[in-house]
S.K.: 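Quick one: the structure is below, and I'll ask about it shortly.
FYI, side chains are in, hydrogens and waters are out, and symmetry mates aren't considered; it's all heavy atoms of this structure. We name chains A, B, ... by the order of the sequence lines, and we start the count at 1 in each one.
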Protein chains: 2
Amino acid sequence: MPARSPHRSSRSAASRGNATRTVAVLVVILTVDEGRLRVLLIRRSAEPHRDDWSLPGGLLLHDETFEAAAIRKLEEETGVAEVFLEQLYTFSDLDEQGSVAVAYFALVDIRQALLAERSDWLPAWFPVADHPELAFKNKQVVGYALSRLRSKLDYSNVAYSLLPEEFTLSQLQGTYEAILGRALDKRNFRKRMTSVGLVEPTGRQGSVARHRPAQLYRFRERKPVVF
Amino acid sequence: MPARSPHRSSRSAASRGNATRTVAVLVVILTVDEGRLRVLLIRRSAEPHRDDWSLPGGLLLHDETFEAAAIRKLEEETGVAEVFLEQLYTFSDLDEQGSVAVAYFALVDIRQALLAERSDWLPAWFPVADHPELAFKNKQVVGYALSRLRSKLDYSNVAYSLLPEEFTLSQLQGTYEAILGRALDKRNFRKRMTSVGLVEPTGRQGSVARHRPAQLYRFRERKPVVF
DNA sequence: CCAAAAGTGTTGGCTGTACACCCATGT
DNA sequence: ACATGGGTGTACAGCCAACACTTTTGG
C-alpha cells in the first residue's frame with residue numbers, strides 16, 4: 001500500500017457542455033421463417049441515408065421510457081405485443097451529432113406478425129445472414145443482437161416468443177437450428193428440452209406437416225426464464 | 001396463416017414530444033478489499049437527496065460519448081484508468097424528470113485506487129452486501145452490476161482488473177470467493193484456473209502473506225477475454 | 001512448537017455428444 | 001411404393017464436485 005501524493009481535484013461544474021441530447025430507440029426485430037433467422041428492416045424515406053435499409057426506430061415521445069418506445073415501435077411495425085423484448089446496448093456515436101440511441105431486441109412469431117402496410121418506410125424481412133447494406137452502424141447492432149440471442153438460447157426459454165403456443169418438437173428444433181446456424185441431433189435435442197423442463201407435452205396431437213401426426217408441446221413459461 | 005385486416009398506420013410526426021433529454025452516466029466501481037466485495041459511493045452535497053450516499057456519476061460533456069464520460073468519472077474518483085469497464089444498463093426512469101442515465105460498471109485493484117480527496121462529495125468504499133441506503137434507484141443498479149459480475153466471473157477473465165499484475169493463486173481464489181460470497185475448493189480452483197489457460201506462472205516467487213513463499217501467477221491477457 | 005498458508009490426486013456422478021433404425025401417414 | 005417426418009436408447013468422454021494430508025516458513 002504505497003502512500004502516493006494527493007491527485008486530481010474534482011472537476012468544476014463550469015466546464016459542463018451540452019448535457020441534453022436527442023434520444024431515440026432502435027429495435028432489432030427477429031423472427032424465424034422458412035428455416036432462416038430474419039430481421040425486420042425498413043427503407044428510409046427521409047434524409048440522411050434516404051432509401052437505405054435500416055432498423056426501425058425513432059425518437060422518444062414526451063415522458064416516454066425507452067422500453068415503452070420500443071414496445072410502441074414494435075407494435076407499429078408488426079402489430080404484436082407481449083413478446084420477448086430486451087435492452088441490448090446504448091450508443092452515443094451512431095451518427096455524428098452525438099445523439100443517443102438505445103437498441104432493443106425483440107423476438108416475434110412470424111405467424112402473428114402482420115407488417116405495417118405503408119407505401120413509404122415499408123418494412124420487410126431479410127435473412128440475418130444475408131441482408132442489404134444498412135444505414136448508420138446498424139449492421140453492428142444486428143450482429144450484437146444475434147450473438148446475444150445465440151447465447152441466451154442455451155440457458156433460457158427465449159424461443160417461446162418465436163413459436164405459436166403449441167408446436168411440435170421438430171418445429172422447435174428447426175427454430176433452434178435456424179438461430180444457431182447448424183444442425184442439431186434430434187434425440188439429444190428432445191432429451192434436453194424435456195429433461196430440463198423447458199417444454200411439456202399438451203394432450204393434443206397436431207398434423208403440422210402433411211404426414212404423421214405429432215405430439216404438441218408448449219413452453220412451461222411464456223415469459224423469460226433462465227436455467 | 002390467418003389473413004387479418006390491415007392495421008395501424010404509421011404515427012404522424014406531429015405527435016412527437018420532447019425528444020431531447022438530459023443525459024448522464026453512472027458508474028458502479030467495484031473492488032475487493034479485506035475479503036469483501038466493495039462498491040465506491042459518494043455523499044451527495046447537492047439536492048435532491050442531499051447527504052445521501054449514491055453512485056458516482058454526472059452529466060455528459062459536450063460531444064462526449066458515454067464510454068468517455070464513464071472513464072472520466074472513474075479517473076476522477078479513483079485515479080485509475082485502463083481497467084475493466086463495461087456498459088451495464090440504460091435507465092430512463094431513475095428520477096421523475098425522465099432523464100437518461102447509462103450505467104457502467106468497472107473493476108479496480110484497491111492497491112492502485114487512490115480516492116479523490118475532497119471535503120464534499122467524499123468517496124468511500126462500502127461492502128456491497130452491507131451498504132447504506134442509496135439515492136434514486138441506485139440500489140437496483142448495484143444489484144445488477146453484482147449479478148453481471150458473478151456470471152462473467154465463470155467464463156471470462158474479468159478478475160484481472162481486481163489484482164496486481166502478479167499474484168498468488170490464493171489471492172486469486174480469495175478474490176473469487178469475495179465476489180461469489182462462498183468458499184471454493186482449493187484444488188479444484190487451481191486445476192480449473194491453470195487448465196483453462198486463464199493464468200500462467202511467472203518465474204518468480206513472492207511472500208505475500210507472512211509465511212511460506214508462493215508461486216506468482218499472471219493473467220495471460222489483461223483485457224477482457226471469454227472462454 | 002505453533003499458526004498460517006502452499007501445494008498436491010483420485011473417485012464418482014452427471015452431462016453432453018455421437019450414432020441408426022423402425023413406424024405412421026399421405027400422395 | 002415411396003417420401004416425409006415422428007419417435008426412440010446406448011455408450012463413451014469430459015467436466016465438476018467432493019474430499020485430507022504434508023510441507024514450509026515466520027513468530
S.K.: Looking at A:R192, does any N or O in its side chain come under 4.0 Å of the phosphate oxygens OP1/OP2 on C:dT15?
M.R.: no
S.K.: Is A:K186 side chain donor-acceptor paired with the C:dT17 base, going by distance under 3.5 Å alone?
M.R.: no
S.K.: A:L184 CG to C:dA18 C1': how many Å, rounded?
M.R.: 13 Å
S.K.: Over how many whole Å does the gap from A:E177 atom CD to D:dG5 atom P extend?
M.R.: 12 Å
S.K.: Round to the nearest Å and state the distance from B:M193 atom CE to D:dA17 atom P.
M.R.: 11 Å
S.K.: Can you say whether a donor on the side chain of A:R212 sits under 3.5 Å from an acceptor on the base of C:dA24, or the other way round?
M.R.: no
S.K.: Okay, side chain of A:Q87, backbone of B:T90: is any donor-acceptor separation there less than 3.5 Å?
M.R.: yes
S.K.: Want to settle it: does B:R187 or B:Q171 sit nearer the 5' end of DNA chain C, counting the closest nucleotide to each?
M.R.: B:Q171
S.K.: Regarding B:E86 and B:K152, does a basic nitrogen lie under 4.0 Å from an acidic carboxylate oxygen?
M.R.: yes
S.K.: Any N or O donor-acceptor pair linking the side chain of A:K191 to the base of D:dT10 at under 3.5 Å?
M.R.: yes
S.K.: Calculate the interatomic distance between B:R190 atom CZ and C:dA6 atom P; express it in whole Å.
M.R.: 6 Å
S.K.: In whole angstrom, give the distance that lies between atom CZ of B:F189 and atom P of C:dA5.
M.R.: 16 Å
S.K.: Measure from the side-chain heavy atoms of B:N188 and tell me the nearest of C:dT8, D:dA17, C:dA3.
M.R.: D:dA17
S.K.: Please tell me which of A:Y217 and B:D185 maps to the more 5' nucleotide of DNA chain D, matching each residue to the nucleotide holding its nearest heavy atom.
M.R.: A:Y217
S.K.: Any donor-acceptor pair under 3.5 Å linking the side chain of B:R43 with the backbone of B:D51?
M.R.: yes
S.K.: If we ignore hydrogens and angles and just use 3.5 Å, is the side chain of B:S92 paired with the main-chain N or O of A:F66 as donor and acceptor?
M.R.: yes
S.K.: Atom CZ of A:F227 to atom P of C:dT15: distance rounded to whole Å?
M.R.: 14 Å
S.K.: With a 4.0 Å limit, can you tell me whether B:S170 has a side-chain N or O closer than that to the phosphate oxygens OP1/OP2 of C:dA5?
M.R.: no
S.K.: Please state how far atom CG in A:L180 lies from atom P in C:dT17, giving the value in whole angstrom units.
M.R.: 11 Å
S.K.: Does A:E200 come within less than 4.0 Å of A:R220, counting only side-chain N to carboxylate O?
M.R.: yes
S.K.: Whole-Å distance between D:dA17 C1' and B:Y176 OH?
M.R.: 17 Å
